[in-house]
Amino acid sequence: MSINEEIISMLKKTVLSATTTGRIPDVGLLDIQIDYPKRQEYGNLSTNIAFLIAKKISTSPYLVAQIIIESMEKIEGLISRVEIAGGGFINFWVSKERLYKVLKEIEETNESYGTSNIGQGEKVLIDFVSANPTGPLHVGHGRGADYGDILANILAFCGYKVTREYYINDVGTQMRTLGESLKARYLQLLGQDVQLPENGYKGEYMVEIARTLHRQERDTCRNEEVGFFTNFAKESILEDIRKTLIDFGIQYDSWFSEKELYDSNQVDEVIDSLKKLGFTYESEGALWLKTTAFGDEKDRVLIRQNGEYTYFAGDIAYHKNKYDRGYDVLINAWGTDHHGYIKRLEAAMSALGYPANNLVFLLCQLVSLIRDNQPVSMSTRAGEFVTLSELIKEVGQDVARFFFVMRKMNSHLEFDLNLAKQSSKENPVYYIQYVHARTCSILSRAKEKGLSLNQTADLNLLKLDEELALIFKLASLPQEIINCARFYEPHGLTAYLIELAGIFHNYYQHHRVISANKELSQARLVLVNAVRIVIRNTLTLLGLTAPQRM
RNA sequence: GCGCCUGUAGCUCAGUGGAUAGAGCGUCGGACUCCGGAUCCGAAUGUGGAGGUUCGAGUCCUCUCAGGCGCGCCA
């Protein structure tokens, strides 16, 4: 049990006993909150429980707090001091013994320190990036990629069974346009005077693909159908996307093709089901789904007048397929430009009788790139966007990943290339990674001097305020991770790392780890090692490297 | 016009309805002959606006102003 859990359990017991002895009336269930106070003189943790109770029974929070403290069912070795402050806050100081236990725990659990089991083995499928295979990933996709991957890491750490999936939109008009564009570029290489189609893909990468095709097949493809070119373009682009994601440190468990949904009749089947359920109708030559019956603004088309299926039709089949594969939670990490699409998909799934509340939509706001205080144009049509792989090349994988996840996903991200690159030494990524390198360096230095990590080190020697604050910060990692998982917000971990790094650097600057005092040195080495483990585990969750040297 | 998101320090942004609103960058001034100076210490500047809810509001509600995105038988 974590310290927070122990305190909550202690408070629950206390309230129960105060109720049974009649000192407090029965107030029912309480949502007890444990806070981290902002000021050191308020202790390590605080609770507002007295305010909650006082409100229900209309009395003074201070009085309630007093009663709670007097009837406190103390847990042995957990708390060293309790105080009332600010008119009703109850502040706790965690005992040294409890903190030393955390150090032991970190050492023993090592790579798995910070894990929890709030997921209880629930199966989660997270669909992220899923950019159309019509061009290279750009910077905006990078944010979604980073976010989805880190979220998957965090959920897995919290006991969920996570699958990362990429949904490939490989049917429809855009695919035809893609094939036509490649064919035009290819024929141009053969010296023919051919124009790109009107909404064709103008990017330079299409010329590259045409060159590759020409290199492989010479002029033998000149009479091939568009479908041939579509396929060739799709495969080369997907290969490029896959490679870019690997360069970014991201591996998918599954690549799911929309085309296969059609080929295996799953789209027709799902439309049949919807028809039988009576949620469809025909109008103006098209087939509509009554999404308004489930709160959508207007009904949506499934099959167009010209007989083609909409993207929506395929997506319903896709989500049905995901449920049928046995996933409990379906997470869709999309760009904010898809938000209008959520209602209709929820409506469709409700119509089919699937639990809509297991559908989770997480929207990443857009990214704008800034260079030399000027916005960088990222128009896809003109083919002048900055690709993700260019960004990785320019600022490095770690910096790119950290910058993407540093902000809340529903705020816009301004990615300042100059800041990320030129002032890289002032960069928070390095600030954090430096802690890792430094701890590694201290440990190896200690080893040279014949001081090794020792199970029997006397941790009681760690009694400086800075040391206890540092350990307490290490102790809060599991809870930090749980909070991130619960709200699907990984950016909290970046803040955690910056704070932890600050505390450590400060400590290091003012106190020697390795000194003439052998016992003290050994105790401090245990602390340093614990910092190393926590930093490394958290960096790993964020998809970042933990360098031993820099 | 309607819907979603965002307005917090000079800039980029944190901030479970809780106590004196915090970081980084930038600016200015300092630090051990020492385990890594990619470090540390110190200084300054504040919630777009108006109401409301309550013991308490950056956080919740209403209105308003400003910016972004979306409102296809595109994907």
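Each chain gets a letter, A, B and so on, in the order the sequences are listed, and its residues count up from 1. The analysis underlying the following values was restricted to heavy atoms, covering all of them including side chains, and did not include hydrogens, waters or symmetry mates.
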task: Answer yes or no for this row: Y508(A) ring on C35(B) base, centroids under 5.5 Å, planes under 30°.
output: yes

Stacked pair Y42(A)-A19(B), distance under 5.5 Å, angle under 30°: yes

Which nucleotide in the list [options] gets nearest to the side chain of [X]?
X       : options                : answer
N169(A) : C35(B), A75(B), U12(B) : A75(B)
Q33(A)  : A19(B), C35(B), U16(B) : U16(B)
R445(A) : G68(B), A19(B), C35(B) : C35(B)
N506(A) : C35(B), C71(B), C41(B) : C41(B)
R407(A) : A19(B), G67(B), U12(B) : U12(B)

Any side-chain N or O of [X] below 4.0 angstrom from OP1/OP2 of [N]?
X       : N      : answer
R438(A) : G37(B) : yes
H505(A) : C41(B) : no
N48(A)  : G17(B) : no
S441(A) : C35(B) : no
Y431(A) : C40(B) : yes
K408(A) : G15(B) : yes

- request: Would you mind telling me which of L497(A), I150(A), I481(A) makes a side-chain contact (heavy atoms from CB on, under 4.5 Å) with L541(A)?
  value: I481(A)

- request: Flag this pair as yes if the NZ/CZ of R438(A) is under 6.0 angstrom from the six-membered ring centre of Y508(A) and inside a 45 degree cone about the axis; otherwise no.
  value: yes

query: Now, which nucleotide makes the Watson-Crick or G-U wobble pair with G70(B), with each of the two distances under 3.5 Å?
result: C2(B)

Is there a donor on the side chain of [X] or the base of [N] sitting less than 3.5 Å from an acceptor on the other?
X       : N      : answer
Q509(A) : U39(B) : yes
D315(A) : A75(B) : no
S46(A)  : A19(B) : yes
H339(A) : G3(B)  : yes

statement: The residue, H338(A) or I34(A), whose nearest nucleotide of RNA chain B is more 5′ is I34(A)

